[in-house]
Amino acid sequence: MQNEMWKDIKGYEGLYQVSILGRVKSITRRISDKNGIGTRLLSGRILKHCLNNGYPMISLSKNGEINSYLIHRIVAEAFIPNPNNLPEVNHKDEVKTNNNVENLEWCTPKYNMNYGTLKERRNAILQIPEIKDRQQVRNKSKRKPVLQYSIDGEFITE
């Protein structure tokens, strides 16, 4: 197993750090009280994340402003050189929650879209009889079922 190395998060130096394993922590520090007169000690801790489209995301605060970031991008920016200024980060094993630095790589949007089993999974969806064309695949995520009920609340059809 790797030793967990930590680095400051760009723009949040001295406040938050990210590890090569994809964990994010706050740094122990003194902050001003609400009334602005004194200070108190804020203990550092590993932060909990939420999921956004299956990708772990973290909210960071600085000067009263809160911003959310995808953890795989924070890991890549901290630990993976990007000399060609590539815009996207790919998960090599295609597992969105595996933000270990060894599982990430900078890439182009085209590379990211065509990586791994994506084409096979997309083609498998197109083999489903109800899906006639690619436009239906694109629009399927936007569709919502419409349920019909009688005035008495009895289900009629979908």
Side-chain angles (χ1 to χ4, degrees), residues 1-126 128 131 134-145:
M1 186 175 164
Q2 301 168 298
N3 285 336
E4 192 166 14
M5 186 169 64
W6 295 86
K7 281 191 177 179
D8 281 338
I9 295 174
K10 185 179 175 188
Y12 294 89
E13 293 83 355
L15 301 173
Y16 300 97
Q17 290 185 330
V18 64
S19 82
I20 59 172
L21 302 180
R23 299 196 310 159
V24 177
K25 69 179 179 180
S26 60
I27 304 298
T28 299
R29 59 190 180 273
R30 290 216 160 268
I31 60 169
S32 296
D33 285 341
K34 290 179 184 176
N35 58 19
I37 296 172
T39 63
R40 65 182 176 93
L41 186 66
L42 184 66
S43 295
R45 62 183 175 87
I46 301 294
L47 302 179
K48 293 183 180 176
H49 63 268
C50 63
L51 294 180
N52 180 1
N53 263 351
Y55 292 97
M57 181 173 253
I58 199 84
S59 293
L60 304 178
S61 174
K62 180 179 176 183
N63 300 325
E65 187 177 318
I66 299 171
N67 290 297
S68 296
Y69 301 93
L70 294 167
I71 294 176
H72 66 278
R73 286 200 62 89
I74 295 173
V75 172
E77 288 169 358
F79 295 102
I80 304 172
N82 188 8
N84 297 324
N85 203 26
L86 297 169
E88 294 190 8
V89 180
N90 179 47
H91 288 83
K92 295 176 188 177
D93 68 359
E94 300 183 66
V95 177
K96 296 176 180 182
T97 55
N98 182 0
N99 292 317
N100 187 309
V101 71
E102 292 176 358
N103 186 50
L104 304 175
E105 64 183 343
W106 288 103
C107 65
T108 64
K110 183 177 181 179
Y111 175 87
N112 210 6
M113 282 299 299
N114 294 314
Y115 185 83
T117 61
L118 178 65
K119 283 184 178 179
E120 291 84 9
R121 287 183 282 132
R122 189 181 307 133
N123 288 336
I125 290 172
L126 290 175
I128 299 170
I131 300 177
R134 291 190 182 278
Q135 191 59 40
Q136 278 188 296
V137 172
R138 286 187 209 103
N139 293 337
K140 191 167 177 106
S141 64
K142 298 175 187 172
R143 296 183 341 201
K144 295 181 180 171

Do the non-hydrogen side-chain atoms of [X] and [Y] ever get within less than 4.5 Å of each other?
X   : Y    : result
R29 : L15  : yes
N67 : Y12  : yes
L70 : V89  : no
V75 : I20  : no
L21 : N100 : yes

Within this structure, what is the [atom1]-[atom2] distance for the pair [X] and [Y], rounded to the nearest 0.5 Å?
X    : Y   : atom1 : atom2 : answer
T97  : I71 : OG1   : CD1   : 10.5 Å
L104 : D93 : CG    : CG    : 8.5 Å
C107 : N82 : SG    : CG    : 9.5 Å
K96  : H72 : NZ    : NE2   : 9.5 Å

Has the side chain of N103 got a donor or acceptor atom that lies under 3.5 Å from a matching backbone atom of N98?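 At least one qualifying donor-acceptor pair exists.
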N3 side chain to M5 backbone, donor-acceptor under 3.5 Å: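 Not at all, since once roles are kept as given, no pair shorter than 3.5 Å links the two residues.
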Considering only residues two or more places apart or on different chains, which pairs with a residue in residues 13-26 satisfy side-chain hydrogen bond (donor to acceptor under 3.5 Å, both in side chains)?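 Matches after skipping sequence neighbours: E4-S19, E4-R23, D8-Q17.
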For residues 46-64, which residue pairs qualify under side-chain hydrogen bond (donor to acceptor under 3.5 Å, both in side chains), counting only residues two or more places apart or in two chains?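 side-chain hydrogen bond (donor to acceptor under 3.5 Å, both in side chains) check on residues 46-64 returns S59-S68.
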Under 3.5 Å, is there a donor-acceptor pair between the N99 and H91 side chains?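 A pair is found: one side chain offers a donor N or O, the other an acceptor, under 3.5 Å apart.
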Have E77 and Y69 got a donor and an acceptor in their side chains that come within less than 3.5 Å?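 No, Y69 and E77 have no side-chain donor paired with an acceptor closer than 3.5 Å.
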Determine the minimum heavy-atom distance between W106 and I80, stating which atoms define it.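 For W106 versus I80, the nearest heavy atoms are NE1-O, 3.1 Å.
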Looking at G44 and T28, what are the two nearest heavy atoms and their distance?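 Looking at all heavy atoms of both residues, the shortest contact is N-OG1, 2.8 Å.
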